[in-house]
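Proteins get letters first, then strands, A, B, ... in listed order; numbering begins at 1 in each.
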Amino acid sequence: MGVDVAYKDENALTVGVLFSWPELKQQNIFYRVDKVHFPYIPTLLSFREGTIIIRFLKNLPMKPNLLMVNAHGIAHPLKCGCASYIGLLTDTPTIGVAKRVICGEIIKSKDENITYLQYDNKNIGAILNSDKKSKEIVVSPGHRVSLKTAIQITIKTLKSYRLPIILEEAHRKAAKLLLELLN
DNA sequence: GCGACAG
DNA sequence: ATCTTGTCGC
């Protein structure tokens, strides 16, 4: 399931789109509206969006096998980004995909065809589409998923958009529903 | 002290 | 993220 949040003043619309694997066919769409209770502060996205997404997840009629969030996982100064936070508190395998690096340095592997994000002398994430800056994304493990698996799964969900189709669809649906419900 | 800073 | 027209690039 891909999840994203769209905002309108103090209201937050969370949308989750469930996909089949590995066919990647859209199965179901869920959404929920909540009030925002925390401002956006870099490195503290969990307190704003994490709390909202967790509330959304706990009210679902089912439990996703895997969650993809538009945020960082362990590629975070405290090794606990919003994707990690969400996966941890809902006990769900989670992958974080962001559009910009928040910490660490980009290192091209000598023997692998992978561009890693290193921090504290460890690979905490990977840069995909690193050859094209306008399309590059940062992938990192959120919870119960290894970096290797996070990279493999994310690559398989990349289509014609910058973000994985799972997140792209959640983002679009959120924007569309926001107009219908909160405008 | 200065700059950078996911969504 | 959101506010917003035209516009540069693939």
Side-chain angles (χ1 to χ4, degrees), chain A residues 1-17 31-57 67-90 94-106 115-120 122-143 145 147 150-151 154 157-164 166-183:
Chain A
M1 169 179 277
V3 61
D4 192 34
V5 183
Y7 300 89
K8 174 63 179 177
D9 300 324
E10 297 303 296
N11 298 304
L13 169 63
T14 306
V15 170
V17 182
Y31 71 85
R32 175 190 173 84
V33 176
D34 276 300
K35 287 292 181 186
V36 179
H37 292 296
F38 200 84
Y40 169 69
I41 300 175
T43 74
L44 297 184
L45 181 62
S46 294
F47 295 134
R48 178 182 175 80
E49 207 161 290
T51 300
I52 288 172
I53 292 177
I54 287 172
R55 188 168 297 155
F56 162 80
L57 293 172
L67 202 61
M68 193 173 276
V69 187
N70 200 175
H72 283 301
I74 62 173
H76 176 277
L78 300 178
K79 290 181 165 57
C80 187
C82 192
S84 306
Y85 179 74
I86 292 169
L88 193 60
L89 296 188
T90 59
T94 306
I95 294 175
V97 177
K99 291 185 287 293
R100 298 191 308 185
V101 170
I102 189 175
C103 76
E105 50 184 309
I106 297 173
T115 298
Y116 286 110
L117 185 59
Q118 291 189 355
Y119 191 63
D120 274 356
K122 284 180 52 183
N123 289 331
I124 57 172
I127 310 295
L128 300 187
N129 292 325
S130 58
D131 53 319
K132 181 134 179 73
K133 189 164 186 178
S134 65
K135 291 193 70 175
E136 68 176 26
I137 55 175
V138 188
V139 180
S140 67
H143 189 59
V145 176
L147 173 55
I151 293 173
T154 301
T157 60
L158 286 176
K159 300 290 184 184
S160 308
Y161 312 98
R162 179 182 189 180
L163 293 174
I166 290 177
L167 286 178
E168 183 66 31
E169 286 298 323
H171 186 71
R172 291 188 173 200
K173 183 60 65 177
K176 183 181 177 185
L177 266 178
L178 187 67
L179 294 178
E180 297 177 14
L181 301 176
L182 305 175
N183 266 316

### Message
Would you compute the distance between atom OG of A/Ser130 and atom OH of A/Tyr116 and round it to the nearest 0.5 angstrom?
### Response
12.0 Å
### Task
Evaluate whether the aromatic ring of A/Tyr40 and the six-membered ring of the B/dG7 base sit under 5.5 Å apart, centre to centre, with an inclination under 30°.
yes
## Note on the structure
Heavy-atom nearest pair, A/Gly73 first then A/Ala83, reads CA-CB, 3.9 Å
### Query
In residues 134-143 of chain A, what residues come within less than 4.0 Å of DNA chain B, judged by heavy atoms?
none
### Summary
To the nearest angstrom, the CD1-C1' distance between A/Ile41 and C/dA1 comes to 14 Å
### Task
Find the distance A/Asn70:CG to B/dG7:P and express it as a whole number of Å.
5 Å
Show which side-chain atoms of residues 1-17 of chain A pair as donor or acceptor with protein atoms under 3.5 Å away, not counting sequence neighbours.
residue : atom : partner  : partner atom : Å
A/Asp4  : OD2  : A/His171 : ND1          : 2.6
A/Tyr7  : OH   : A/Glu49  : OE1          : 2.7
A/Lys8  : NZ   : A/Asn183 : OD1          : 3.1
A/Asn11 : OD1  : A/Lys35  : NZ           : 2.9

### Summary
Rounding to 0.5 Å, atoms CD1 (A/Ile86) and CD1 (A/Ile52) come to a distance of 10.0 Å
### Task
Check each residue of residues 78-88 of chain A for a non-hydrogen atom within less than 4.0 Å of any atom in DNA chain B, then write out the ones that pass by number, or none.
A/Gly81, A/Cys82
### Message
Expressed as a whole number of angstroms, how long is the span from A/Ile106:CD1 to B/dA4:P?
### Response
16 Å
### Message
For the backbone of A/Lys99 and the side chain of A/Arg162, can you confirm whether one donor and one acceptor N or O come within less than 3.5 Å of each other?
### Response
yes
### Task
Identify the two heavy atoms, one from A/Ile151 and one from A/Ala126, that lie closest to each other, and give their separation to 0.1 Å.
CD1-CB, 3.5 Å
### Query
Looking just at side-chain N and O atoms, do A/Gln118 and A/Asn123 make a donor-acceptor pair shorter than 3.5 Å?
yes
### Query
Does A/Asp120 have any side-chain hydrogen bond (donor to acceptor under 3.5 Å, both in side chains) partners at least two apart in sequence or in another chain, and if so, which?
A/Lys79
### Task
Take atom CG of A/Asn129 and atom C1' of C/dC10, then tell me their distance rounded to the nearest Å.
15 Å
## Note on the structure
For DNA chain B, the dot-bracket notation using Watson-Crick and G-U wobble pairs below 3.5 Å, [ ] for pseudoknot-type crossings and | for other-strand pairs, is .......
### Message
Between P on B/dG7 and CZ on A/Phe47, what's the gap in Å once rounded to a whole number?
### Response
18 Å
Acceptor/donor pairs from residues 172-182 of chain A side chains to any protein atom, 3.5 angstrom cut, sequence neighbours excluded:
residue  : atom : partner  : partner atom : Å
A/Arg172 : NE   : A/Glu168 : OE2          : 3.1

### Sugar-phosphate only, base, or nothing, as touched by A/Ile52 at under 4.0 Å among non-hydrogen atoms
nothing
### Task
Could you check A/Ala6 against A/Lys132 and say which one's nearest nucleotide on DNA chain C is further toward the 5' end?
A/Ala6
### Side-chain N or O of A/Lys8 closer than 4.0 Å to phosphate OP1/OP2 of C/dT2
no
### Message
By the 4.0 Å heavy-atom rule, please label A/Tyr7 as base, sugar-phosphate, or nothing.
### Response
sugar-phosphate
### Message
Nearest whole Å is fine: how far is B/dG7 C1' from A/Arg162 CZ?
### Response
13 Å
### Task
Quickly work out the A/Glu10 CD to C/dT2 C1' distance and round it to whole Å.
12 Å
### Task
Rounded off to whole Å, could you give me the CD1-to-P distance for the A/Ile53 and B/dG7 pair?
12 Å
### Message
I'd like to know if the side chain of A/His76 and the backbone of A/Thr43 have a donor-acceptor N/O pair within less than 3.5 Å.
### Response
yes
### Query
So, is A/Lys99 close to the B/dC5 phosphate, meaning a side-chain N or O under 4.0 Å from OP1 or OP2?
no
### Message
Minimum heavy-atom separation for A/Ala150 and A/Val139, please, with both atom names.
### Response
O-CG1, 3.8 Å
### Task
Please round to the nearest 0.5 Å and tell me the distance separating atom CG of A/Leu45 and atom OH of A/Tyr85.
11.0 Å
